[in-house]
Amino acid sequence: MRRQHKPDWYRLDNAAKIFPPTVHGADTAVFRLTCELTQTVEPAVLQAALDRTVEQYPNLRTVLRRGVFWYYLEQTERRARVVPEHAPPCSPLYEDSRSSLFEVSYWKNKINFDVFHVVADGAGAIEMLQTLVTEYVSLAHDLDLCQPPRAAMDERMEDGFQKYYKSDGRSSKRERKPRAYRLPHRGGDLKVYEGVCDVKQVLDAAHRYNTTLTVYLAAVMFQAIHGGMYVRDRKKPVVLTVPVDLRSYFPSHTARNFFSIIRASYAFNERSGEFSDILEQTAVAFKRELTAENLAARLNTLAALEHNFLLRPIPLFIKYPVLLLSGLISDVGETAALSNIGKFQLPDAVAPYVKAFGVFVGTDALQLCTCSYNGQLHLGFTTTMRDPSVIRRVFARLTQDGVSLEVRSNTMYGEGS
């Protein structure tokens, strides 16, 4: 059988282009996905599982190079090595053109998968970690699992933005974003807080308000942020950015970036601030933004930049400050972020050896990432705020609405409370 040729390099997808110039401080653009096993990790077995996984996702075995016009990913033959956990969650990965863009580490019965956002989005990272865990459990427990890849190699490596770009399609209008309320006391080290609960209890709470889980959590975040605002700050809207997996709207199996961003806002100086009103306004924003037409228009706007014949020949050293400025302007219009990464799913034979999954992402403000597995919902907060009172208020509201929570902090990473 003829072996499929692997390209020596990949263009960055359109979503990935913004990350290299805008990484700063705790905003590392690094995901950490975790898997908690029922038994202590065996490093040699984990290394063998990683070797197998990298063969299925060649974009993992890449380094980031700076070209004349754009950054790009170049294949490297350097073998990725598993290491004992040695750094806090979401620590920087990209330093120079020799840096690996992902890392697999372990601590006791926990596997960490850290990945730079230029390689994959949350859905792609979930797929990669599921593969790694399946390979590990299969090797560790001598399971005969013939798990074919979810899609062919070229489908996993495709650029969804380019595939679904329409040169004659509608583009989204550029709207002026108002300055959003900015959370105070930011800029410290990244702190991690976790809440683990029964996903059914959260769904029941959301359904009592006749809404979805994501809209409910967004409304809870709006209310929690409002609880710490000074009166003078209420003239600025609270704005949540919410990544949207475009695979739900376009039939793509890519394991690279394929997402868009929507924004929901609430102006506390103009409205009542009652939880029912926050829910109503949040639901309206989601309904307005989450249409196939609007998401296709945003995809066209993003992909059109690469096809613009005026921008293409501009050298990267000129584009770089423009991208940096674009990122700073975007930050000014954002208070916090909420990302529902998705659901982890494992083969039935693997599931008994796995207890839980979790997800976090680097930020210089406040971000909540959620994922679910085996009936559990994991709430992964990351923040540089010195006072975690916003997070406490989120947990308090969930408890008030009948959700039983197990709360953890950085202590689980051996770093103290």
Side-chain angles (χ1 to χ4, degrees), residues 6 28-64 73-120 122 124-143 145 147 149 156 190 192 255 341 344 346-347 349-351 353-362 371 373 378 380 410 412-415:
K6 295 179 182 177
T28 58
V30 171
F31 284 103
R32 169 167 287 192
L33 280 69
T34 65
C35 176
E36 189 177 352
L37 303 173
T38 58
Q39 298 175 356
T40 302
V41 173
E42 300 177 46
V45 178
L46 183 58
Q47 181 66 61
L50 176 58
D51 292 340
R52 291 187 177 187
T53 301
V54 168
E55 285 300 311
Q56 298 187 48
Y57 300 97
N59 55 327
L60 285 176
R61 189 175 282 171
T62 57
V63 292
L64 184 63
L73 297 174
E74 183 178 78
Q75 284 280 296
T76 176
E77 294 304 315
R78 190 185 307 128
R79 186 188 186 198
R81 302 281 185 177
V82 302
V83 295
E85 183 173 352
H86 60 96
C90 310
S91 293
L93 288 174
Y94 174 65
E95 295 179 355
D96 55 41
S97 60
R98 296 168 297 177
S99 303
S100 177
L101 303 179
F102 80 101
E103 182 178 83
V104 173
S105 60
Y106 59 90
W107 183 69
K108 295 184 179 180
N109 64 328
K110 182 165 65 73
I111 297 172
N112 303 314
F113 177 59
D114 291 76
V115 60
F116 190 31
H117 216 324
V118 299
V119 173
I126 278 184
E127 182 179 332
M128 293 170 184
L129 181 56
Q130 286 177 164
T131 301
L132 176 64
V133 171
T134 299
E135 294 286 1
Y136 174 83
V137 172
S138 298
L139 291 169
H141 300 281
D142 196 25
L143 302 179
L145 288 177
Q147 288 290 314
R156 279 176 277 152
L190 190 71
V192 169
I341 301 296
F344 282 89
L346 297 172
V350 174
Y353 302 97
V354 177
K355 291 176 65 176
F357 287 93
V359 61
F360 313 94
V361 68
C371 66
Y373 172 70
H378 178 272
N410 291 42
M412 70 172 291
Y413 296 92
E415 301 167 10

Shortest non-hydrogen pair, Cys90 vs Thr28, comes out as O-OG1, 2.7 Å

Minimal heavy-atom distance between Val137 and Tyr353, with the atoms involved, is CG1-CD1, 3.5 Å

Exactly one of Asn112, Thr34, Asp114 clears side chain to side chain donor-acceptor pair (under 3.5 Å) with Ser105, and that residue is Asn112

**Study point:** Within-4.5 Å side-chain heavy-atom neighbours: Val63 and Arg78
**Key:** yes

dist Thr40:OG1 -> Trp107:CH2 (nearest 0.5 Å) comes out at 11.0 Å

Quiz prompt | Donor-acceptor contact below 3.5 Å, side chain Gln75 vs main chain Pro58 | solution = yes

Between Gln130 and the options Leu132, Val133, Ile126, the side chain to side chain contact (heavy atoms under 4.5 Å, CB included) test singles out Ile126

- Check against salt bridge (Lys or Arg N to Asp or Glu O under 4.0 Å), Arg156 and Glu127: CA-CA 10 Å; Arg156 279 176 277 152; Glu127 182 179 332; 5.0 Å; no

Any donor-acceptor N/O pair, Asn109 side chain to Leu37 backbone, under 3.5 Å = yes

Paired with Val119, the side chain to side chain contact (heavy atoms under 4.5 Å, CB included) test is passed by just one of Leu64, Leu93, Leu101, namely Leu101

With His378 as partner, the option from Phe344, Tyr373, Phe360 fulfilling ring pair (Phe, Tyr, Trp, His ring centres under 6.0 Å) is Phe360

Query - Side chains of Phe357 and Leu346 in contact at under 4.5 Å (non-hydrogen atoms) - result: yes

CZ (Arg61) and CG (Leu73) are apart, to the nearest 0.5 Å, by 14.5 Å

Just list the side-chain donor-acceptor pairs under 3.5 Å for residues 41-52, sequence neighbours left out, or say none.
unit_1	atom_1	unit_2	atom_2	d
Gln47	OE1	Val82	N	2.9
Gln47	NE2	Asp51	OD1	3.1
Gln47	NE2	Ala80	O	2.9
Asp51	OD1	Arg79	NE	3.2
Asp51	OD2	Arg79	NE	3.3
Asp51	OD2	Arg79	NH2	2.5
Arg52	NH1	Glu135	OE1	3.2

Review point. Any donor-acceptor pair under 3.5 Å linking the side chain of Thr131 with the backbone of Thr53?
Key: no

Closest non-hydrogen contact found for Thr134 with Pro347 is OG1-CD, 3.6 Å

| task | Walk me through it: do His86 and Glu103 pass the test side chain to side chain donor-acceptor pair (under 3.5 Å)? | result | CA-CA 11 Å; His86 60 96; Glu103 182 178 83; 3.0 Å; yes

